[in-house]
Amino acid sequence: MKDLKDKVAVVTGAGSGIGRALAQNLAGRGCRLAISDVNESGLAETLASLKGADARSYALDVSDRDAIYAHAAQVVEDFGHVNLVINNAGVALSASVREMTDDDFKWIMDIDFWGVAHGTRAFLPHLINSGDGHVVNISSVFGLIGVPKQSAYNAAKFAVRGFTESLRQEMKLENQPVSVSCVHPGGIRTNIANAARMGKSENAEAQRKGFDKIAMTTPDKAAEIIVKGILKNESRILVGPDAWGIDAINRLLGSAYQPLVERFSRRNLYV
Ligand SMILES: NC(=O)c1ccc[n+]([C@@H]2O[C@H](COP(=O)([O-])OP(=O)(O)OC[C@H]3O[C@@H](n4cnc5c(N)ncnc54)[C@H](O)[C@@H]3O)[C@@H](O)[C@H]2O)c1
């Protein structure tokens with residue numbers, strides 16, 4: 001996909017943060033947009049900001065498999081076809097393996113992994129039919145390295161990466177007209193930490209403040225990097241200097257990155 005003009009793009013979780021910025025960026029490049037979220041007021045704000053674009057909004061909970069398949073059919077009915085799907089909707093959880101509840105573990109996997117997997121599979125036949133399709137799945141730098149108190153988020157985001165990298169190879173081997181990219185943002189200044197669930201012994205206030213301090217990249221900048229990566233058909237899109245740093249450490253050190261993370265966490269997470 002060399003040009004986004006008049007392409008039909010689907011963005012989940014578009015009521016806030018990276019999803020909203022992606023919708024705005026794509027609208028500015030002439031895309032027709034199907035945006036969705038569970039947060040209908042945030043979504044309405046995003047839609048209102050896409051002045052003049054051919055855009056529609058849809059209430060969608062990505063953890064609901066049947067709702068995603070119905071959404072895919074509805075978008076094709078409304079727009080005729082689909083070229084680009086960005087499975088962006090996501091949530092965060094900060095809790096140790098010992099402490100997190102089954103309910104919280106299932107909640108995050110249902111949204112961050114199954115939401116992406118169902119979103120990909122529901123739209124894939126339509127992307128193939130379009131003759132010029134692209135799937136973009138949002139993982140994280142926590143899909144590259146493991147971090148204490150992020151085991152569930154790590155599990156979901158590593159799973160997104162494996163699923164997406166496998167799909168990219170399949171599409172090539174089958175000569176399908178669908179490109180595939182996996183996105184690994186570092187800290188992006190969004191609402192994600194505010195909306196996160198926390199284990200009962202976590203200091204939620206301190207964690208949220210800590211996130212605001214280390215999140216280096218704005219959502220607008222993140223969206224620009226992601227869209228440029230899509231246009232260059234990058235398999236792995238790293239977002240922000242911290243993401244590049246973490247990717248480099250991972251490549252250089254292999255599993256020996258872990259003592260570094262332990263040292264950082266002892267000072268910042270286990271105080
Ligand atoms: N902000 C970061 O530092 C960061 C870093 C790495 C990866 N990410 C990933 O980026 C993506 C976007 O997050 P963000 O930072 O913009 O957060 P955000 O909280 O600002 O936006 C997430 C959006 O997803 C929506 N959402 C949550 N649950 C949903 C569901 N079940 N169905 C549909 N929509 C739902 C929320 O209502 C919200 O509008 C997520 O997948 C997140 O894991 C974010």
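Counting starts at 1 for both ligands and their atoms, following the listed order.
- Around ligand 1 you find Gly13, Gly15, Ser16, Gly17, Ile18, Asp37, Val38, Asn39, Leu60, Asp61, Val62, Asn88, Ala89, Gly90, Val91, Ile111, Ile138, Ser139, Ser140, Tyr153, Lys157, Pro185, Gly186, Gly187, Ile188, Thr190, Asn191, Ile192, Phe211, each with a heavy-atom distance below 4.0 Å.
- In this model, a donor atom of one side chain and an acceptor atom of the other lie less than 3.5 Å apart for Gln74 and Asp78.
- Note on residues 175-220: no pairs pass ring pair (Phe, Tyr, Trp, His ring centres under 6.0 Å), not counting sequence neighbours.
- Pairs of residues two or more places apart, or lying in two chains, that qualify as salt bridge (Lys or Arg N to Asp or Glu O under 4.0 Å) and include a residue from residues 9-26 are Arg20-Glu45.
- More than 12 heavy-atom neighbours from other residues, nucleotides or ligands sit within 6.0 angstrom of CZ on Arg208.
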Can you list, pair by pair, the side-chain donor-acceptor contacts under 3.5 Å of residues 133-145, counting residues two or more places apart and other chains?
from	atom 1	to	atom 2	distance (Å)
His134	NE2	Ser181	OG	2.8
Asn137	OD1	Asn87	ND2	2.8
Asn137	ND2	Thr120	OG1	3.3
Asn137	ND2	Thr164	OG1	3.0
Ser139	OG	Lys157	O	2.9
Ser140	OG	Phe142	N	2.8

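- Remark: Arg161 is not positioned above the aromatic ring of Phe163, lacking an NZ or CZ atom under 6.0 angstrom from the ring centre and at most 45 degrees off the axis.
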